[in-house]
Structure formats: structure tokens, C-alpha cells
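Beneath this line is the structure, given in C-alpha cells, with notes to follow.
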2 protein chains.
Amino acid sequence: MKKPVLSESQEDYLKEIFKLREMNETVSMQDLARKLDVRPPSVTGMIKKLCAMNLVEHEPYKGVQLTETGEKIALEVLRHHRLLELYLARHLNYSWDEIHEEAERLEHVISEKFEAAIADLLDHPTHDPHGDPIPTADLEIPESPDLLPLNSLKNCVNAGIGRIMTQDKDILNLLSRLELMPGQEIELIKNDATGIRVKVNGNQYLVPHTIAMLIWCGKTDI
Amino acid sequence: MKKPVLSESQEDYLKEIFKLREMNETVSMQDLARKLDVRPPSVTGMIKKLCAMNLVEHEPYKGVQLTETGEKIALEVLRHHRLLELYLARHLNYSWDEIHEEAERLEHVISEKFEAAIADLLDHPTHDPHGDPIPTADLEIPESPDLLPLNSLKNCVNAGIGRIMTQDKDILNLLSRLELMPGQEIELIKNDATGIRVKVNGNQYLVPHTIAMLIWCGKTDI
DNA sequence: ATACAAAGTTAGTCTATCCTAAATTATTTT
DNA sequence: AAAATAATTTAGGATAGACTAACTTTGTAT
């Protein structure tokens, strides 16, 4: 099937539907409106159009879903985005909190050639700097390690940070200063009502629960 | 003065006005329409808008000119474009005929940060792969060597290619195969009605006049 | 000087995407 | 189960940037 040419806006809709679907069972108009920063009627309108293009399915007053074609496109955009994030961080010295914004704009305009070139340069990575999986060139989602939010771990555990579940620049900035980022090994000292006390590279921090739930870890031992 | 936020379309108008002004004394609506691939009424309409924003000056039925602010923006876009071209060629292995198209899309979406990052990486170059001057960070146009079109040179001259005056992909592709590109040293064997016979890296070619006029050279001796 | 051609402009449409206000449907509370 | 609330949709409108058709201005050639 021929790939339709989509506007940036349309690509964003498909991408957000995909990301929301990963979290929730069903994707509501309102969630989409919030994520895309538009009013709900705009979403209804655009969804109608995407429906007509066979990229999404929509039962009025029920949720939205991607069709197979729609999902392919969403994955392509996501691949662009996440490859770009890693690329910006690794090769252009972007700090951890700057990559998302730039990738958000670039993801829609880079060619297949550009995508292939940076994928090569990065040695075909499977995860971006936030720990999000990067769809492969044939648009499969790579396996990710089993992860749990930091605040759900018990005391006295060693763990490796696998993924950071926010795009908030200030939080990302903070976390990167504290070296609480994917790839880091941490030691969980105590988990109580005041927060989670962790040790990273010799430094100890008390991480509040609100933040700890954004930090997903894979246990290295019990 | 605060820099206005422009659409990609508006940026393209300013950039083309600038480029046309370098060639011709006056920039006509029709030239613009041709370059931008739109109809003349669209140009009139957009020029009106840019006029109202104090980015261009326009006497109806006469030509268009950039204001100081307009020129600054044009130079910024041009800097993005030309830095990107060099970047794509040097760091992402783009072939010589592919860089223009990609840069054309990227130039509008990269941030100041991106611009600075690749400028650094490229060691603040003054010319792009076509030999076009890259405006500096403070938007001055760097000095370029004195150049003449290849077809205007006399027999038996050594020369260095300085600039290629076309964006046609097929011609660029051809020239790069023949190694007729900026930086190359060439020897001019003969220049007659049949064309210009040149020697490059040991190979001889007969370059037709139509192509030779696109290849601008600096003489290395007489 | 007039007439014609070329270039430029005006007027009126179209499409994409967003918006607000109002109406409808679904869900939750009592 | 009725009322209240929340989510969604419909209707109608705005704006940006393109378009065509028709008109105006300018410049040129006889």
C-alpha cells in the first residue's frame, strides 16, 4: 500500500495516539487534545479526516485506535524522534533536557536518508536517552527490560535505571544533574513516607515519591 | 528590535529575495514567483504582508527590496542552509547532489543551538560544498576569492574550482563524478567552439560551454 | 502617439487547521 | 431513575497561504 503524505499535524496526531495507547487501554479525545495542545473540537475534526484516510478507527463517543497503516506511520515518526534525541545528545552535545524539543521539530522533516545515516552513526541503537525504545528500521518495537517505578521498590536493593517517564525539562535537568539517568546503577537505601533514599556514584539523595514514580528501574539483585 | 516569528513560507520569500538581489539589480515579482514555485498573485499578497511587517520595501509595479531586518533574517536562513549542506556532506555522508533538498527542509526548523553545534563541529567554515559563502554568526558575508566562469578562461591555465552555480541535481551529480567540484585544481587544455577541455586528477574531459559557465574558477597561474 | 505585450495587482475561492458556543451523549451521584 | 457532570460532537467562523480570472500599469515597437 502506498504511504500517504501527511502534514506535520497529522503525524503528531498519530504519534500521540500511539503513545497514549501504550499507557491506557483506550484513547480519549480529551487526552489527545491535552497532549496536542488543541481544543477537543479540533481533535474530533482531525480524527474524522484521519478516519477517512484509513489511518485511525473511531466509534463516535468511544475511543480512537490506529489502523495498521496508521501505526506504521506513528512508529516511523517515533523512530525519527528517538533516533534524533540520541543523535543530538551523542553527537551535538545537547543536554538531556534540550533534546526533546529539537527532535519534536526535526522528526517531521528528515528524510529516510537522514534517518538511515544517523542510525548507522549511532550503531543502530535500541533505546533513546530517556530509555524509550526506538522502533527498528522495519518498525518493530525492540524488547525492553522489565522495569518498575523506583517508588515501588523495597529497601536495600541495587537497581539500574532503565527509563525516565517524563518530558518535563526542569525535572529532566534535575535528574541529569543528580546522575539519575538510564544506564546508572543505584542503591536503594530506604523507602518510607518521606521518600526514597538512594545512593548514586557515592552521593545520597532523598527522592520524593512524585519524582520517584517517574524513574523506572530494573533490579540487579534483591 | 525583537525578531518576529516567521512562517517557513515567509522565510523562503526573504531568502529568495536576497539571493535574487545578489544577481540582479532589482527583484521582480515574477522572478520570485518562479523561484518559489507559486503564481504571481501569491507573491503580491505575501509581499504585502512582509511589507506590513517592515521586512521588505515595495513600490507597486516596481521591485522589492529587503529592509535591514529582512536582510538579517534572510542571512540567518542562508546561514542555516549552507551550514547544513556542509554538515550533511561532511558528517552524514550525503552525496553532493542530495544536500540541497534536505537542507531546504531543515533550515527552517533547527534552533540556534543546533546551528551553533554544527558550526563548531565544522570549525566555523566560510563556504559550503557548492562554494557559496556562509554568513558568519553575526551575519556578515565572508570574503570570497575572485572567480570567473570556466568558459571565459583562456587555454593552458591552471585554475582552482571555487564555486558551482547550479542546484540542478543531475548536473551536480555529473560534476561530482568527474571531480569537478570546489577545491579541485584543474588544468585548462583548450577552449574552443566545441567546449573546454580540462584535465582533473589525470583525467581529461571536454566540458560543453553550457556546463562550463556554471563552474567558476580562481586562477592559480597564467 | 497609439497599440500591444508583459508584468503586476485586485477580487474572489479553496483548503488546512485551528477556534468558540451550543447541542448531544455518556457517566456518575444521590 | 433522575439529575448533575463530564466528554464529545456539531455548527459556524477565523487565518494563512495558495489559486484563477479579470483588470491595470508599464514599457516597447511601430
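Every chain is numbered from 1 and lettered A, B, ... according to where its sequence line falls, protein lines coming before strand lines.
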Check your understanding: Just how far, in rounded Å, is P of C/dT15 from CE of A/M53?
Key -> 15 Å
Check your understanding: Roughly how many Å is it from CG in A/L6 to P in C/dA16, rounded to a whole number?
Key -> 12 Å
Review point. Nearest to the side chain of A/K49 - C/dG8, D/dT8, C/dA16?
Key: C/dA16
**Study point:** Check: B/E102 side chain, B/I99 main-chain N or O, donor-acceptor pair, under 3.5 Å
**Key:** no
Check your understanding: Looking at C/dT9, D/dT10, D/dG17, which one has an atom nearest to any side-chain atom of B/H58?
Key -> C/dT9
Point to revise | Stepwise side-chain hydrogen bond (donor to acceptor under 3.5 Å, both in side chains) test for A/S28 and A/D31 | key: CA-CA 5 Å; A/S28 73; A/D31 289 348; 3.2 Å; yes
Check your understanding: Are B/K169 and B/E98 ion-paired here, with the side-chain N under 4.0 Å from a carboxylate O?
Key -> no
Check your understanding: Think A/Q10 has a side-chain N or O under 4.0 angstrom from the OP1 or OP2 of C/dA16?
Key -> no
Exercise for review: Answer yes or no: does a side-chain N or O of A/K48 lie under 4.0 Å from OP1 or OP2 of D/dT10?
Suggested key: yes
Review point. Expressed in angstrom and rounded to an integer, what is the separation of A/D12 atom CG from C/dT17 atom P?
Key: 11 Å
**Study point:** Below 4.0 Å: OP1/OP2 of C/dT9 and any side-chain N or O of B/T44
**Key:** yes
Review point. Among the nucleotides D/dA18, C/dT9, D/dT9, which one has an atom lying closest to any side-chain atom of B/V38?
Key: D/dA18
Exercise for review: Determine, for A/R21 against A/E16, whether the closest basic-nitrogen to carboxylate-oxygen distance falls under 4.0 angstrom.
Suggested key: no
Review point. Taking for each residue the nucleotide of DNA chain C with the nearest heavy atom, is it A/S9 or A/Y61 whose nucleotide lies nearer the 5' end?
Key: A/S9
Practice item. Would you kindly give the CZ-to-P distance between B/R39 and C/dT10, to the nearest whole Å? Key: 19 Å
Check your understanding: In whole Å, what is the span from the CE atom of A/M46 to the C1' atom of C/dC19?
Key -> 14 Å
Check your understanding: Would you say a side-chain N or O of B/S42 is under 4.0 Å from OP1 or OP2 of D/dG17?
Key -> no
Review point. With respect to the phosphate group of C/dA16, does any side-chain polar atom (N or O) of A/S7 fall under 4.0 Å of OP1 or OP2?
Key: no
Practice item. Kindly assign one of parallel, tilted or perpendicular to the pair B/F114 and B/Y87, based on the angle between their ring planes and the thresholds 30° and 60°. Key: perpendicular
Check your understanding: In whole angstrom, what separates B/L32's CG from C/dA7's C1'?
Key -> 13 Å
Exercise for review: Measure the distance from CD1 on A/I47 to P on C/dA16 and round it to the nearest whole Å.
Suggested key: 16 Å
Study note, to complete from the structure: Comparing nearest nucleotides in DNA chain C, the 5'-proximal residue of the pair B/K62, A/Y13 is B/K62
Check your understanding: For the pair made of CE in B/M29 and C1' in D/dT26, what is the distance, rounded to whole Å?
Key -> 14 Å
